[in-house]
There are 4 protein chains.
Amino acid sequence: MGEDKKNNIVEAALKLFEEQGYHQTKVSDIVREAGVAQGTFYLYFQSKEDLFRSIAEACLEEISEALKHGPHAPCQNNEVYYWMIQRSLTVYYHNRAILSIMYRNGIASQEIRDISQAFYHEMMLIIKEHLKEWGGCPDYSEEQLEIAAYSKIGMVEMVAYQWFVVQGHGPEYIDSIAQVIVDMDSMEVSEE
Amino acid sequence: MGEDKKNNIVEAALKLFEEQGYHQTKVSDIVREAGVAQGTFYLYFQSKEDLFRSIAEACLEEISEALKHGPHAPCQNNEVYYWMIQRSLTVYYHNRAILSIMYRNGIASQEIRDISQAFYHEMMLIIKEHLKEWGGCPDYSEEQLEIAAYSKIGMVEMVAYQWFVVQGHGPEYIDSIAQVIVDMDSMEVSEE
Amino acid sequence: MGEDKKNNIVEAALKLFEEQGYHQTKVSDIVREAGVAQGTFYLYFQSKEDLFRSIAEACLEEISEALKHGPHAPCQNNEVYYWMIQRSLTVYYHNRAILSIMYRNGIASQEIRDISQAFYHEMMLIIKEHLKEWGGCPDYSEEQLEIAAYSKIGMVEMVAYQWFVVQGHGPEYIDSIAQVIVDMDSMEVSEE
Amino acid sequence: MGEDKKNNIVEAALKLFEEQGYHQTKVSDIVREAGVAQGTFYLYFQSKEDLFRSIAEACLEEISEALKHGPHAPCQNNEVYYWMIQRSLTVYYHNRAILSIMYRNGIASQEIRDISQAFYHEMMLIIKEHLKEWGGCPDYSEEQLEIAAYSKIGMVEMVAYQWFVVQGHGPEYIDSIAQVIVDMDSMEVSEE
DNA sequence: GATGAATGAGTTTTCATTCAT
DNA sequence: CATGAATGAAAACTCATTCAT
């Protein structure tokens, strides 16, 4: 019962944050959309920022959880790479609402900044491990591996944002995008 | 004289937006930092958002301007690629303040969103042209080229943000980061 | 059972009103401290103010009750005076919690103001009677007796508040305080 | 100009606090009464409590200032005593608004409590000095002098509150009240 | 009797913007 | 051009009280 109302609030907030942005969305908008009273909001969240933090945390955790687990069957070479890209895109596609919110609303506060930063750091560590396991960069220093990892994250995030959020394409693009990203890398070298 | 004050306001705003974010920075903070009166602000800018838009526009233009022009000497293969990455990193390094502001403050309004989107679109077109000239992807469709271009942008932006803004490293990293990004791509293929 | 809960509520309220004041204490604080549900409060009290009124009334009644009855053995001169002071101090000591609350929380509402005023009026009448019986002021008008009575009340209240509440001293001070007050009056005259 | 508005706010607040009490008076009431905009209030005071503190501080300081200075001509015996009582009553009469506010509104916060306590302590020290100079209580310990001082304060405060605030009498009562208080003390002794 | 989730009217507070000087 | 006191609409948040279970 209580969880129902809390859920309504979260759903309403997600919808409105995505549509109009965090700062443009008033608590009164959220409760109207959720069909609850003003006070009910503060029964479940300490403040508007607390709600945003809670949403951000949950979604970022979902993303990192999804990327944490490697491919089911062992695979080699850039199959891992392909898997990683494809998997990331899928996760981003399903979380395109929050991705949009994080991208478009930036850092609402110091606390959100820390959460966001911790998320990227964790993502980077996961990717770095994948890169090591995969063995594609044998003589890279830790620092170089980190640069490589961050670049992968940025790549996927930007393309996902442009394709799924800005242009509004559906999941049918996931495979072809992944293919382009992986092929592109190969091609660059086949040039040499 | 007047331009002096306008400049002071812009400098103060850049500093404060970077330190505390757009929404957290009050006009009264900006004018105090700039050493001008409250009303003076509105002699030079129509609104707080107008100031942000003006700053964003100028900086994004500077970035796109810097990337618009190809390498001075003709070069081949992934030399162009290396040049592009290195050039982007340099530009991002010098504009790390605004990069940080755009990253951390997201889309302050519909108008800013449009400016930001237009910027990414223009960037994408520039990169796409570079990719075509370079000839690295002969049989790519326009769409595939766009995906490739966006992925480059995301890659550079994320690494630059993490290295220059979050970790605070200096320009001495530009070359080694560029090297990692380019090499990494090569390596991926040398694996096959 | 029911009375148990009511008692818990009263005890909790007394504690919290004393610690943090009436206006700073929320009904939710009281019920949490009392270990009952929010709704239970309204089974026993019509409102938060009703609770305060109930507490204030009970305590003020206790105080006036204690002062109503003269000394057990007939006594003369300022023995009555000493008895009165000492008795008042004792009563105030035992009701220092409510004294503190009344002092520190002032008049929560028109109704409380009336109760408080009625209390002081009643006290004044009691003291006035004591003064008359004692015969210390033979040719005083009613008005002059009232002034004298109020001054006694203020004297005891202030000293009790400062000694028992602010400085936290114990009942062992009652006698010496009474002595000072009575002696002081005498001394003033012995000067002449 | 600016001070004009600030003054209006203070006047309005004094009036309303006295009429309806601190907690019953809304900032919106104050600004309406003062004829200024809502925001103007926060130009001069950080919060409603800040205003109350500011008023309380100023008035308590005025009272203690008025009592600090002894009688102009040297005088002996209980002439000093009479002077002190009369002077206190006069001061209390002129500050009956704030006296009423402090009495009726109690301690709005921890900070106000501290201010109030500091005021009583200072008053007590002043009275104690007067008592010493006067020499009426030669062999009193410091502690006994403090009890005596607090009892004087309570006496005057209560009578002033009852006469000037509750019953609304005018300054013509000051002398007769002072007379009663001083005479009463004498009489008590003349009885023995 | 007892519960505690839900309410919503009511308050404080903020801050971009204006305009008389 | 420059000022800065004044504005007031708009927002977040509070909490005593209710009522269905």
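Numbers restart at 1 for each chain; the letters A, B, ... are given by sequence-line order, proteins then strands. Atom set for the values below is all heavy atoms of this structure, side chains included, hydrogens, waters and symmetry mates excluded.
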In terms of the nearest nucleotide of DNA chain E, which residue is placed more toward the 5' end: A:Ala37 or C:Val36?
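Its nucleotide being nearer the 5' end, the pick is C:Val36.
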
Set of salt bridge (charged side-chain N to carboxylate O under 4.0 Å, His left out) partners for D:Glu62, sequence neighbours left out:
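Once residues adjacent in sequence are excluded, D:Glu62 has no partner under the salt bridge (charged side-chain N to carboxylate O under 4.0 Å, His left out) criterion.
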
Restricting to salt bridge (charged side-chain N to carboxylate O under 4.0 Å, His left out), what partner residues turn up for D:Glu61, sequence neighbours left out?
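So D:Glu61 forms no salt bridge (charged side-chain N to carboxylate O under 4.0 Å, His left out) with any residue.
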
Round to the nearest Å and state the distance from [X] atom [atom1] to [N] atom [atom2].
X       : N      : atom1 : atom2 : result
A:Ile30 : F:dA12 : CD1   : P     : 8 Å
D:Leu43 : E:dA16 : CG    : C1'   : 14 Å
B:Arg32 : F:dG4  : CZ    : C1'   : 13 Å
A:Leu51 : F:dA12 : CG    : C1'   : 13 Å
A:Tyr44 : F:dA12 : OH    : P     : 20 Å
C:Lys5  : E:dG4  : NZ    : C1'   : 13 Å
A:Gln24 : E:dA16 : CD    : P     : 14 Å
A:Asn8  : E:dA5  : CG    : P     : 16 Å

Counting only side-chain N and O atoms of B:Thr40, is one of them less than 4.0 Å from OP1 or OP2 of F:dT3?
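For B:Thr40, the contact criterion (side-chain N or O under 4.0 Å from OP1 or OP2 of F:dT3) is met.
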
OP1 or OP2 of F:dA5 under 4.0 Å from side-chain N/O of D:Lys6
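Negative; the distance criterion is not met.
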
First locate atom OH of C:Tyr44, then atom CG of C:Asn7, and finally report the distance between them rounded to the nearest 0.5 Å.
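Here the interatomic distance stands at 10.0 Å.
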
Produce a footprint string for nucleotides 16-21 of chain F: one letter per nucleotide, 5' end first; B if the base is under 4.0 Å from any protein heavy atom, S if only the sugar-phosphate is, - if neither.
SBB---

Both atom distances under 3.5 Å, Watson-Crick or G-U wobble: I'd like the secondary structure of DNA chain F as a dot-bracket string, with | for pairs made across strands.
.||||||||||||||||||||

Taking side-chain contact (heavy atoms from CB on, under 4.5 Å) as the test, write out the residues that go with C:Glu122, two or more places apart.
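Checked C:Glu122 against side-chain contact (heavy atoms from CB on, under 4.5 Å); matches are C:Ser64, C:Lys68, C:Ile126.
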
Sequence neighbours left out, what passes side-chain contact (heavy atoms from CB on, under 4.5 Å) with A:His94? Give chain and number order.
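With sequence neighbours excluded, A:His94 shows a side-chain contact (heavy atoms from CB on, under 4.5 Å) to A:Thr90, given in chain and number order.
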
Using 30° and 60° as the class limits, which term best fits the ring planes of A:Phe52 and A:Phe17: parallel, tilted or perpendicular?
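Taking A:Phe17 first and then A:Phe52, their aromatic rings stand perpendicular (interplane angle over 60°).
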
Cut-off 3.5 Å, no hydrogens considered: what does the side-chain donor-acceptor table look like for residues 28-35 of chain B, sequence neighbours left out?
from: B:Asp29; atom 1: OD2; to: B:Lys26; atom 2: N; distance (Å): 3.1
from: B:Glu33; atom 1: OE2; to: B:Lys15; atom 2: NZ; distance (Å): 3.0

Identify, with sequence neighbours excluded, every residue that meets side chain to side chain donor-acceptor pair (under 3.5 Å) alongside D:Arg53.
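Side chain to side chain donor-acceptor pair (under 3.5 Å) check on D:Arg53 returns D:Asp50.
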
Can you name the residues that form a ring-ring contact (aromatic ring centres under 6.0 Å, His included) with C:Tyr120, not counting sequence neighbours?
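Here no residue qualifies.
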
